[in-house]
Chemist: 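The following block contains the structure, expressed as structure tokens.
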Amino acid sequence: MLAIVVTGVGPASAMELAAAPDVAAPATWWLADVMSYVTAPFLLEGALIAIKIATLAMMAGAILGLGLALMRISSFAPLRAIAWLYIWFVRGTPQLLQLVFLFDALPPLGIKLDAFTTAVVGFALNEAAFSAEIIRGGILSVNRNQTIAAAALGMGPFLTLRRIILPQAMRALLPGIANDTIAVIKGTSIASVIFVNELTFRSQQVVGQNFEFFKVFTAAGIIYLAMTSVVAGVQALLERRFNLDIESGEKSDSALHRLLGFRFREAKRKPALPTAQPTAQVASVAVVSPPKPAWITNIAGVMGAGNGADREPFVVCRNIHKAYGYREVLRGIDLTVNRGEVVVIMGPSGSGKSTLLRLVNHLERLDWGEIKVNGEYVGYEKVAHTLKPKSNLARARAEARIGMVFQNFNLFDHLTAIENVIEAPIRVYGQDAKKARELGMNLLANVGLGYHANNLPHRLSGGQQQRVAIARALAISPRLMLFDEPTSALDPELVGEVLAVIRRLAEQGMTMMVVTHEVRFAREVADRVIFIDEGEIIEEGTPHEVLGFPKHDRTQRFLRFVERQTDVA
Amino acid sequence: MTQRNWITAAVLTCGLTAALAATATPASAMDQKCEPDKLAMKYPSLVGKKIKIAQDGESPPFSFRDPKDFNHIVGLDTELAEAVFACAGIPIEIVTGEWSGLLPSVIAGQADVMWDILYYTPERVKKVDFVTYLTAATGALVAKGNPKNIHSIDAVCGMRATAGLATVEEAAFRDIAAKCIAAGKPAVSIVTYPNIPGGTRLIQNDRADVLMSGLTLVNQLIANNPKSFELAYKIVTDYKIAAAVTKGNKELEQAIYDGLNVMIANGTYKRIVEKYGLDLSLARTPEILTE
């Protein structure tokens, strides 16, 4: 009851004054009086107190809210439960009572907060609950593919959150956070019950002394409007900043940007048409002297002589089992890929091909069996004859240097092509930014995208996006490349450009596992073809054997089907 | 009591009775003059302290913003508190908040004294100690012309009544409401207001028929707005207006008690009461009430 009555004080009372009788004086005088209240230091000081409380509470609340949001989506049930209970309780109880409790119930326990601190703490705790849900909503709005792509690059969970998830969630977050900021600025008026002399309470006191309700409350309303207008303005600026549809040109890499993955200040617009020139410095590398691609030197050091001639096993999978719930996806796969070998994996959809790739770089956890890449487990250690996942999985993935390319590209939507490419080298491998950029431009030039380095993914065609994704995977100097149906999401006329890049990579001797339905590509590029169905290897051998003279019914049926599809296309 | 009388009394007391008797009579009722420099001797526990006086700053003529300088609080309660603590040599700070939050803050020890037209009640004294200094009367405020023809509290049945949240007037309306129902009359619908301007707006905008508050305040409201309000009835109550002190703060209560006695003796009390337009008949001998 206390809550209902007191919270009704501020704006509501002002509203009911709309019909108040003391409006008889000439309008200009009246306005002059109102303006004298608007500029009265006494009221402005109250406004300043409201701003201070709201600013501090929003900052602390957003940080706490982020923590709560992460707890809410954690895989650890007790954390989820704690966060849920906190939010349930704080959102469900009147804030006035929370403030009075903090102010008046804690002193007997030896915690005596002053009025201002109580207000900041009270509003921050309250805001944490509300912003947690807004932030959680924002995080959930970001496509899960982004996280998978980051994981494949060896990015840890917090790096992914900070650099990939939050910048993209920002657009979904901003309206809600701005709402809350405004609500807190106005809501500070209820803190008058714990001696915070903010704007509403001060205007009430002035009214209590001179009874000029309408003028004083109008003045207070104008001051509130000015404060909330600033919030609305900042919101508009930030929304503009995070709007990917607004083109941005070449930007400087400030410290803040490196930290947050986005910029507050929008860079100068620059036409990013295909005709635009790449930066001068890069142009000299990529355009003037293209015949010596840096990525070859980049990867050559970790590769053997190439062309599958090397018989040294590089990827060794033994008796792999994987199930999702009760559905067995892989049922005892044994597979060896030699250094420099190109293995193409074919099979009907749902046969477990993609899962196999994801087990190799530990995007998914093995149920049974073991996989070694270059003689090492990826993110497992052997404890008493069983494999136990390591705690720092991201680091293990990074050390394994396995590049992965996805069916749906999974480029980071908020980063330009070049930024996509250099993200992992700089953040995960600690490469010098300038060097990484040079190498990145070189890689892009070599997949034919030197002119598109500063475009955001959504400005590129599917084939271009997939080539950026390949450049991104190559930028971490991979020792093994995994391609998961790299051309399946592409229009037929774009398939060729992507396959050409992969083919060149094979020629350079890169060890590769390629899941694809492109029979011709397999025939030309693969050293070995493996046919998987229902979680088992049905057939394997040279392309000539498997594709030319398949022994098994299922292989024959599948190849007939695929070839018919290709003909239609 | 003159100083000489006190000496006689003190000598007798010390000579004849135990310390028990000495504490029963306020030990320093004798301090009939201000001795701010003897703070350490008289109220040692208050040395170096700044006493927080809780007021709402929106209840004229007891506590309100100085029209000449909004940064100052003035009023009968404010000036009396200032005079009393200056007399004891104790610095004070006036902290302002919504009236309904003041008493809880004193109970919790966030403020030391609530000095803001607060009535002593048997319920409140369980939570705080009181030092009385005025007698209250209740006034009922209605719109000009008394459209509902209300001339006594018995006529309130079936009306829309308003009083400050958590005030004794609210309790009085609730009593009457119960009696109305018991007598088979229409019930009273009661609305509470958080501050007096809020209450008067209810009357002005015809959202309530009758408002009850301290008679002084009601009279002042009518004097300021003779075209809007008039007095319906007044009730001379035996309510004691008192300063509320956090329980267990004996020396603070004593300092207030002593100070009030000095102010009465030296005429300051009379000057302040009259300055803010109160009838001197409402003056009251200070008393420490505790439980």
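Residue numbers begin at 1 in each chain, while the letters A, B, ... track the order of the sequences.
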Chemist: Under 4.5 Å from any heavy atom of chain A, what part of B:Asp69 do you find: side chain, backbone, both or neither?
Modeler: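 Neither the backbone nor the side chain of B:Asp69 comes within 4.5 Å of chain A.
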Chemist: What part of B:Ile107 gets within 4.5 angstrom of chain A, counting heavy atoms only: side chain, backbone, both, or neither?
Modeler: neither
Chemist: Please walk me through it: do B:Thr216 and B:Tyr276 pass side-chain hydrogen bond (donor to acceptor under 3.5 Å, both in side chains)?
Modeler: CA-CA 9 Å; B:Thr216 319; B:Tyr276 288 101; over 6 Å; no
Chemist: Apply side-chain hydrogen bond (donor to acceptor under 3.5 Å, both in side chains) to the pair A:Glu198 and A:Ser192, showing each step before the final yes or no.
Modeler: CA-CA 7 Å; A:Glu198 48 60 65; A:Ser192 61; 4.8 Å; no
Chemist: Over 60° means perpendicular and under 30° means parallel, so classify the ring planes of B:Phe70 and A:Tyr37, tilted if in between.
Modeler: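 The arrangement is parallel - the two ring planes meet at less than 30°.
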Chemist: I need the residue from A:Ile194, A:Leu113, A:Val196 with the largest number of non-hydrogen atom pairs under 4.5 Å to chain B.
Modeler: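 Maximum pair count with chain B is reached by A:Leu113.
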Chemist: Taking NZ, NE, NH1 and NH2 as the nitrogens, is one of them in B:Arg160 or B:Asp206 under 4.0 Å from a carboxylate oxygen of the other?
Modeler: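 B:Asp206 and B:Arg160: salt-bridged.
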Chemist: Looking only at atom types and distance, does a side-chain atom of A:Tyr86 sit under 3.5 Å from a main-chain N or O of A:Leu125, one as donor and one as acceptor?
Modeler: yes
Chemist: Can you name the residues of residues 53-66 of chain B that have some heavy atom under 4.5 Å away from a heavy atom in chain A?
Modeler: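 So far as heavy atoms go, B:Ala54, B:Asp56, B:Gly57, B:Glu58, B:Pro60, B:Phe64, B:Arg65 are the residues that approach chain A to under 4.5 Å.
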Chemist: So that I can tick it off, tell me whether B:Glu291 and B:Lys247 are bridged by a salt bridge, with the cut-off set at under 4.0 angstrom between side-chain N and carboxylate O.
Modeler: no
Chemist: Quick check: B:Tyr133 with B:Trp115 (ring centres under 6.0 Å apart)?
Modeler: yes
Chemist: At their closest point, which heavy atom of A:Phe213 faces which heavy atom of B:Pro197, and how far apart are they?
Modeler: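 Here A:Phe213 and B:Pro197 meet closest at CE2-CB, 4.2 Å.
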Chemist: Only pairs of heavy atoms separated by less than 4.5 Å count here; which of A:Lys112, A:Arg202, A:Glu45 has the most with chain B?
Modeler: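 Heavy-atom pair counts peak at A:Lys112.
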